[in-house]
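Reviewing the structure listed below.
Model, not experiment: these values are computed from the prediction.
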Amino acid sequence: MAIDESATIHPSAVVEEGATIGPGCTIGPFCVIGPEVTLGARVTLKSHVVVTGWTELGEDSTVFPFANIGDVPQDLKYSGERTRLIVGKRARIREGVTMNTGTEGGGGITRVGDDGLFMAGAHVAHDAQVGDRVIMVNNSALAGHCVLGDDVIIGGLSGVHQWVRIGKGAIIGAVTMVTHDVIPYGLVQGPRGGLDGLNLVGLKRRGVAREDIMALRAAFQALAQGEGAFQDRARRLQDDAAGQSVYVQDIVAFVLGDSDRSFLTPG
């Protein structure tokens with residue numbers, strides 16, 4: 001066990017032999033820390049938090065009561081293999097959140113980026129790969145093997161099907177079921193999520209230039225109304241004026257990248 005002398009641990013907390021607790025950590029009442037857990041500097045566990053498995057929690061992260069971080073996957077194929085969960089810096093993990101380790105068949109690592117906000121009851125399943133600054137609103141859930149780019153927002157009570165990719169800057173509305181890949185900066189909403197437009201609010205909040213937003217609008221129209229298959233329209237975008245925008249290039253690269261699923265296409 002390696003507990004930095006500057007860490008504060010409540011007498012009722014259980015820190016198992018082998019855990020690594022970084023400087024300035026605060027572990028509140030009735031928390032349980034497993035033997036293969038590493039807490040970075042200044043991590044705060046409020047109370048009644050379980051961090052278990054082969055799990056790393058990045059510095060300056062805060063975990064609220066009754067979260068369970070690093071437990072085994074909810075996958076019947078999992079047979080006890082040693083797999084990992086890595087959570088980045090400055091994560092805010094609210095009440096009742098669950099995050100599972102990976103599976104051998106899925107690469108063995110569930111990975112969550114920096115500066116994420118995971119609101120009450122959110123779930124990150126095995127082998128998910130989650131980018132930076134992702135927000136998962138209350139009771140939203142990622143199934144196994146999902147890939148989320150940076151700055152994605154998942155609305156409350158929404159579910160993302162296994163193996164789905166969601167491109168950077170996309171937003172999923174509340175109470176939405178996402179069963180297909182979502183292009184970068186896309187807006188998806190509805191009980192069976194449809195691609196209804198672009199995440200214009202998010203783009204403006206991040207200060208994206210007007211000319212880039214106009215290029216994205218033109219690209220979206222080309223994807224919606226052009227001739228040929230969806231991938232064919234994306235290939236043509238590479239040669240269009242709109243395709244010179246780095247944001248449009250993100251969409252083209254995403255659509256032409258490898259995927260096991262089909263796409264949500266513009267309605």
_Residues in side-chain hydrogen bond (donor to acceptor under 3.5 Å, both in side chains) contact with Arg233, at least two apart in sequence or another chain_ = none

*Are Arg261 and Trp163 in a cation-pi contact, defined as NZ or CZ under 6.0 Å from the six-membered ring centre and within 45° of the axis?*
no

_Holding to side-chain hydrogen bond (donor to acceptor under 3.5 Å, both in side chains), I want the full list of residues that pass it with Glu81, two or more places apart in sequence or in another chain._
Ser79

_My understanding is that a hydrophobic cluster links ILVMFWY residues whose side chain heavy atoms are under 4.5 Å apart, including indirect links. Using that, what else belongs to the cluster containing Phe64?_
none

*Report the relative orientation of the aromatic rings in Phe263 and Phe230; use parallel for angles under 30°, tilted for 30 to 60°, perpendicular for over 60°.*
tilted

_Gln221 atom CD, neighbour heavy-atom count above 12 within 6.0 Å_ = yes

_My understanding is that a hydrophobic cluster links ILVMFWY residues whose side chain heavy atoms are under 4.5 Å apart, including indirect links. Using that, what else belongs to the cluster containing Leu157?_
Val175

*Determine, step by step, whether His126 and His145 satisfy the ring pair (Phe, Tyr, Trp, His ring centres under 6.0 Å) criterion, reporting the C-alpha distance in whole Å, the side-chain angles of both residues, the deciding distance to 0.1 Å, and the verdict.*
CA-CA 7 Å; His126 60 87; His145 314 282; 4.9 Å; yes

*Name the one of Thr101, Thr110, Thr83, Thr103 that satisfies side-chain hydrogen bond (donor to acceptor under 3.5 Å, both in side chains) with Asp127?*
Thr103

*Mind checking what makes side-chain hydrogen bond (donor to acceptor under 3.5 Å, both in side chains) contact with Arg94, not counting sequence neighbours?*
none

*After noting the C-alpha distance and the side-chain angles of Asp181 and Arg165, does the key distance pass the salt bridge (charged side-chain N to carboxylate O under 4.0 Å, His left out) rule?*
CA-CA 5 Å; Asp181 288 355; Arg165 299 181 304 147; 3.1 Å; yes

*With sequence neighbours left out, what residues match His123 under side-chain contact (heavy atoms from CB on, under 4.5 Å)?*
Gln74, Thr98, Asn100, Ala125, Ala141

